[in-house]
Amino acid sequence: MPKQVDYEERRLRIAEAVCALIARSGMEAVSLRDVAAEADVSMGAVQRCFRTKEDILLFALEHISRGVSERADQRIAATSTPQAAATLLSHTLAELALLDEDSRAQAHVWLAFVSHAPASERLAAVLHETYGKLHDLVVWLIRYGQDTKEIPQHLDAAQEAHTLLAVADGLTVHILAGHHSPETASAVLQRHVDCLVR
């Protein structure tokens, strides 16, 4: 009896292989041959899952975008007792900025996709959608703080969320460039959050 192929599992394996290649050697390392070798599948298997290299990159970006969003959501859901809005904001922004050592490879991959997006409308569209969802999450946290009276009502939650996301994103770059350590980047994020609750 022929072996049943789980195409979704194979596609995820290929996406992980793409991310591993980018983390190690940059976007230029993503070739059909190298992706197949990294995923430990044949080139034909890759071609049966994806028609073009851009399709492979697009699926990989969607995969890591889901991961970023899910990790931020899980951070909030994992709190068993009610948390202060400032604490939730700080933890969520730290997740989005990929500050810890375990997130270093993912930060490399994320920035590779960001830098590649101007050359691909499809990649840019995924990034646009992901940033939109993250913005909505930060807006929700700020409004939660306004409901609990921790954050002043007069502040525009949408504008503040734009600022906080931009700071978190910029800190990802600064850490990779060696301008900030995770500790100093965390302190910068915390100062911005503290400014909201004063």
Side-chain angles (χ1 to χ4, degrees), residues 3-78 91-138 165-178 182 185:
K3 185 180 176 185
Q4 200 71 13
V5 176
D6 184 338
Y7 281 101
E8 193 54 30
E9 186 276 333
R10 179 173 286 174
R11 281 159 63 85
L12 288 172
R13 192 150 113 207
I14 291 168
E16 301 265 343
V18 169
C19 293
L21 285 169
I22 294 172
R24 271 202 318 269
S25 309
M27 192 71 79
E28 300 75 23
V30 181
S31 69
L32 181 62
R33 185 180 304 282
D34 289 336
V35 169
E38 185 73 26
D40 196 25
V41 298
S42 69
M43 288 176 61
V46 176
Q47 289 170 317
R48 283 190 289 277
C49 291
F50 301 100
R51 288 182 305 131
T52 66
K53 177 179 173 178
E54 188 177 41
D55 288 340
I56 296 173
L57 291 174
L58 190 67
F59 185 78
L61 176 56
E62 288 168 345
H63 174 62
I64 64 168
S65 293
R66 274 194 305 275
V68 170
S69 298
E70 286 169 5
R71 201 167 61 244
D73 288 340
Q74 286 166 3
R75 169 73 82 148
I76 294 169
H91 290 169
T92 301
L93 290 168
E95 289 289 348
L96 300 184
L98 304 169
L99 295 185
D100 60 54
E101 198 62 43
D102 293 339
S103 301
R104 190 63 54 90
Q106 191 173 11
H108 277 284
V109 175
W110 182 257
L111 289 179
F113 275 112
V114 169
S115 66
H116 199 69
S120 169
E121 287 184 14
R122 295 171 72 199
L123 292 180
V126 174
L127 286 169
H128 178 74
E129 182 183 355
T130 301
Y131 278 121
K133 288 177 182 174
L134 298 178
H135 177 261
D136 290 345
L137 174 62
V138 177
L165 269 182
V167 170
D169 230 22
L171 287 170
T172 305
V173 178
H174 284 218
I175 289 172
L176 291 181

Inset, instruction - Before giving the answer on side chain to side chain contact (heavy atoms under 4.5 Å, CB included), spell out for R104 and L176 the whole-Å C-alpha distance, their side-chain angles and the decisive distance to 0.1 Å. - result: CA-CA 8 Å; R104 190 63 54 90; L176 291 181; 3.2 Å; yes
Heavy-atom pair with the smallest gap, counting every atom of [X] and [Y]:
| X | Y | value |
| --- | --- | --- |
| I175 | A185 | CD1-CB, 3.7 Å |
| A60 | A15 | CA-CB, 3.9 Å |
| A97 | A168 | CB-O, 3.5 Å |
| I14 | I56 | CG2-CG2, 4.2 Å |
| V35 | A17 | O-CB, 3.9 Å |
| T172 | L111 | CG2-CD1, 4.3 Å |

Nearest 0.5 Å please: distance from the [atom1] atom of [X] over to the [atom2] atom of [Y].
| X | Y | atom1 | atom2 | result |
| --- | --- | --- | --- | --- |
| E38 | C19 | CD | SG | 10.5 Å |
| E54 | L61 | CD | CG | 11.0 Å |
| E62 | L123 | CD | CG | 9.0 Å |
| E28 | I22 | CD | CD1 | 9.5 Å |
| D169 | L96 | CG | CG | 9.0 Å |
| E95 | D100 | CD | CG | 6.5 Å |

Inset, instruction - Decide if atom CD of E121 counts as having more than 12 heavy atoms of other residues, nucleotides or ligands within a radius under 6.0 Å. - result: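 Atom CD in E121 is not packed in, count stays at 12 or less.
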Inset, instruction - Inspect the surroundings of NZ in K53 and state if more than 12 heavy atoms from other residues, nucleotides or ligands are less than 6.0 Å away. - result: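 Count over threshold, so yes.
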Legend entry - Close side-chain approach of V18 and F50, heavy atoms under 4.5 Å: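 They are not in side-chain contact.
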Legend entry - Heavy-atom check, side chain of V126 versus side chain of F113, under 4.5 Å: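 V126 does not reach F113 side chain to side chain.
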Inset, instruction - For the pair R13 and E16, find out whether any cationic side-chain nitrogen is under 4.0 Å from an anionic carboxylate oxygen. - result: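 E16 and R13: not salt-bridged.
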Legend entry - N/O donor-acceptor pair under 3.5 Å between S115 side chain and A112 backbone: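 Flag set: sc S115 to bb A112 pair under 3.5 Å.
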Legend entry - Expected output: side-chain S103 to main-chain Q106 donor-acceptor under 3.5 Å: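 The answer is no, because no donor-acceptor pair under 3.5 Å joins these two groups.
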Inset, instruction - Let me see the working for R122 and L57 under side chain to side chain contact (heavy atoms under 4.5 Å, CB included), right down to the final yes or no. - result: CA-CA 10 Å; R122 295 171 72 199; L57 291 174; over 6 Å; no
Inset, instruction - Could you verify whether a donor N or O on one side chain and an acceptor N or O on the other, from D55 and T52, lie under 3.5 Å apart? - result: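 Side chains of D55 and T52: pair found under 3.5 Å.
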